[in-house]
Amino acid sequence: MLGPDDPPAVTVLNPEARGPLLLVCDHASRAIPKALGDLGLPEEQLHRHIAYDIGAADLTRRLAAHFAATAVLSGFSRLVVDPNRDLDDPTAIPVVSDDTVIPGNRALDAQAQARRVEAIFRPYHAAVASAVTAIRDRGQVPVMVSVHSFTPVMRGVARPWHIGVLWDHDPRVAVPLLDALRADGRWCVGDNEPYSGRDTTGGTVETHATPAGYPNVLLEVRQDLVATPDGVALWAGVLADALGPILSLPSLTAARHYPRN
């Protein structure tokens with residue numbers, strides 16, 4: 001599946017970091033393996049949100065540098081295989097995304113799907129698992145922050161939020177983060193908006209953090225706000241200021257399960 005001219009399936013920043021923070025960016029890249037061509041899509045479609053989370057990779061890199069934290073970034077487009085999905089989910093290799101048909105994903109047989117999973121999906125999750133293990137081996141409890149971005153408009157409906165904080169039943173990071181972002185006074189902050197983190201399955205957080213009782217949160221920043229270097233710098237500063245004090249909270253130093261109802 002992957003050749004010498006392809007990027008790596010996963011990039012790990014600061015693997016020797018000493019703190020508990022672990023940043024993950026599931027939709028960091030719009031790259032497609034050369035063996036798959038362009039999946040039958042025109043180039044402009046590969047620059048849209050259907051291919052990757054615009055601005056998320058740069059934001060993750062900035063936060064990793066600020067906190068000297070380990071970060072794991074996916075190497076290929078979510079259109080090839082989405083690492084933030086259960087493999088049984090039909091959107092893991094989407095045939096349609098935001099009303100756009102993906103010709104190269106139509107009528108894939110099991111072998112073709114398996115090649116993508118083995119080359120791209122499994123290496124990404126192996127890297128996340130390895131980063132979690134490294135933190136645990138230092139005697140720390142991982143604090144996972146998953147970085148995403150969302151479109152300003154979806155199906156003709158404007159989304160007012162500047163940032164969304166997605167969480168399930170573990171409030172340890174999400175609630176103080178919501179409080180800090182709202183106290184800033186500049187932002188419309190979504191609590192499980194524009195998507196909900198409640199009772200979801202198959203994502204990176206649900207795979208590597210929730211079952212073990214590790215503190216976690218998923219961030220969704222509106223894409224028009226992080227589409228430029230200046231926007232990324234602004235939001236990296238906003239999130240660094242908000243997250244910094246939270247990372248030292250005593251409640252984050254132990255694994256704790258919050259059962260779903």
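Side-chain contact between Val72 and Cys25 is absent, with no heavy-atom pair separated by less than 4.5 Å. When side chains are defined from C-beta on, Asp199 counts as touching His169, because their heavy atoms get closer than 4.5 Å. Side-chain contact between Asp168 and Tyr258 is absent, with no heavy atoms from C-beta onward closer than 4.5 Å. The shortest side-chain heavy-atom distance between Val128 and Thr204 falls under the 4.5 Å cut-off. In this structure, the side chains of Leu73 and Leu13 come closer than 4.5 Å at one or more pairs of heavy atoms. Using a 4.5 Å heavy-atom threshold, the side chains of Val80 and Pro33 count as touching. Residues Leu177 and Ile246 meet the side-chain proximity criterion, which asks for heavy atoms closer than 4.5 Å. The shortest distance between side-chain heavy atoms of Pro8 and Thr11 falls below 4.5 Å.
The line from OG of Ser74 to CD1 of Ile120 is 9.5 Å long, rounded to the nearest 0.5 Å. Rounding to the nearest 0.5 angstrom, the gap separating the CG atom in Asp98 from the CD atom in Gln45 is 9.0 Å. Atom-to-atom distance recorded for Leu234:CG and Leu239:CG is 9.5 Å, nearest 0.5 angstrom. Atom CG in Asp99 sits 10.0 Å away from atom CD1 in Ile50 (nearest 0.5 Å). For the atom pair NE2 (His49) and OG (Ser97), the distance works out to 6.0 Å, reported to the nearest 0.5 Å. Summarising the geometry, atom OH belonging to Tyr124 is positioned 7.5 Å from atom CG belonging to Asn84; distances are rounded to the nearest 0.5 Å.
Under the 3.5 Å distance criterion, the side-chain polar atoms of Arg222 are left unmatched by any main-chain donor or acceptor of Ile163. A donor-acceptor pair under 3.5 Å links the side-chain atoms of Asn192 to the main chain of Trp167, judged by distance alone. Proximity of a side-chain donor or acceptor of Arg260 to a complementary backbone N or O of Thr200 within less than 3.5 Å is detected. For the pair Asn105 (side chain) and Leu79 (backbone), a donor-acceptor distance under 3.5 Å is present. Of the possible donor and acceptor atoms, none in the side chain of Thr70 sits under 3.5 Å from a partner among the backbone N and O of Leu22. A donor-acceptor pair under 3.5 Å is formed between the side chain of Ser29 and the backbone N or O of Gly75. No donor-acceptor pair closer than 3.5 Å links the side chain of Arg256 to the backbone N or O of Asp170. With Glu118 contributing its side chain and Arg115 its backbone, the two residues share no donor-acceptor pair below 3.5 Å. With hydrogens and angles ignored, the 3.5 Å screen pairs a side-chain donor or acceptor of Thr133 with a backbone N or O of Ala129. Asn14 contributes no side-chain N or O that, together with a main-chain N or O of Glu16, makes up a donor-acceptor pair within less than 3.5 Å.
Arg159 has no carboxylate O lying under 4.0 Å from a charged side-chain N of Glu220, or vice versa, which leaves the two without a salt bridge. Under the 4.0 Å criterion applied to side-chain N and carboxylate O atoms, Lys34 and Asp6 are not assigned as salt-bridge partners. A salt bridge links Arg78 to Asp53: at least one charged side-chain nitrogen sits closer than 4.0 Å to a carboxylate oxygen.
Minimum heavy-atom separation, Phe76 to Ala9: CE1-CA, 3.8 Å. Minimum interatomic distance between Pro20 and Val141 (heavy atoms only, all atoms of both residues): CB-O, 3.3 Å. Taking every heavy atom of both residues into account, Arg116 and Val81 meet most closely at O-CG1, 4.0 Å. Smallest separation of non-hydrogen atoms from Gly37 and Ile32: O-CG2, 3.4 Å. Among all heavy-atom pairs drawn from Cys188 and Pro160, the shortest one is CB-O, 3.5 Å. The minimum heavy-atom distance linking Tyr214 with Pro142 is given by the pair CB-O, 3.4 Å.
Looking at Thr151 and Gln223, their side chains never bring a donor and an acceptor atom within 3.5 Å of each other. Asp230 and Thr228 share no donor-acceptor pair across their side chains, judged by distance under 3.5 Å alone.
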Salt bridge (charged side-chain N to carboxylate O under 4.0 Å, His left out), that's the test. Do Arg85 and Asp26 meet it? Break it down for me. CA-CA 10 Å; Arg85 295 288 187 276; Asp26 303 317; over 6 Å; no
For a side chain to side chain donor-acceptor pair (under 3.5 Å) check, start with the C-alpha distance between Thr91 and Asp89, then their side-chain angles and the critical distance, and finish with the verdict. CA-CA 5 Å; Thr91 66; Asp89 188 324; 2.8 Å; yes
Begin with the C-alpha distance, continue with both residues' side-chain angles, and end with the deciding distance and a verdict on side-chain contact (heavy atoms from CB on, under 4.5 Å) for Asp82 and His27. CA-CA 8 Å; Asp82 192 333; His27 304 142; 2.7 Å; yes
Could you walk me through whether Thr210 and His257 pass the side-chain contact (heavy atoms from CB on, under 4.5 Å) test, one step at a time? CA-CA 8 Å; Thr210 305; His257 292 88; over 6 Å; no
Might you work through the side-chain contact (heavy atoms from CB on, under 4.5 Å) test for Arg30 and Leu46, ending with a clear yes or no? CA-CA 7 Å; Arg30 63 182 188 88; Leu46 299 179; 4.1 Å; yes
Stepwise, does the side-chain contact (heavy atoms from CB on, under 4.5 Å) test hold for Ile102 with Val96? CA-CA 6 Å; Ile102 317 302; Val96 179; 6.0 Å; no
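Between His125 and His208, the ring centre distance stays below 6.0 Å.
No path of Ile, Leu, Val, Met, Phe, Trp and Tyr side chains, each step under 4.5 Å between heavy atoms, connects Val226 with Met154, placing them in separate hydrophobic clusters. Note: the hydrophobic cluster containing Val165 does not contain Phe150 (ILVMFWY, side chain heavy atoms under 4.5 Å, direct or indirect links). Follow the hydrophobic side-chain contacts under 4.5 Å out from Ile54 and you never reach Val232; the two are in separate clusters. Clustering ILVMFWY residues whenever any of their side-chain heavy atoms sit less than 4.5 angstrom apart, transitively, puts Leu181 in the very cluster that holds Leu219. Residue Val238 is not grouped with residue Trp161 when hydrophobic side chains (ILVMFWY) are merged at heavy-atom distances under 4.5 angstrom, including chains of intermediate members.
Note on ring orientation: taking the six-membered ring where Trp is involved, the planes of His162 and Trp235 are parallel (angle under 30°, cut-offs 30° and 60°).
Considering Asp179, Asp184, Leu178 in turn, Leu178 is the only one that fulfils the side chain to side chain contact (heavy atoms under 4.5 Å, CB included) rule with Val189. Results of the side chain to side chain contact (heavy atoms under 4.5 Å, CB included) test with Met144 over Leu23, Leu21, Ile135, Asn216 single out Asn216 as the only residue that passes.
The neighbour count for Arg106 CZ, taken as heavy atoms of other residues, nucleotides or ligands under 6.0 Å away, does not exceed 12.
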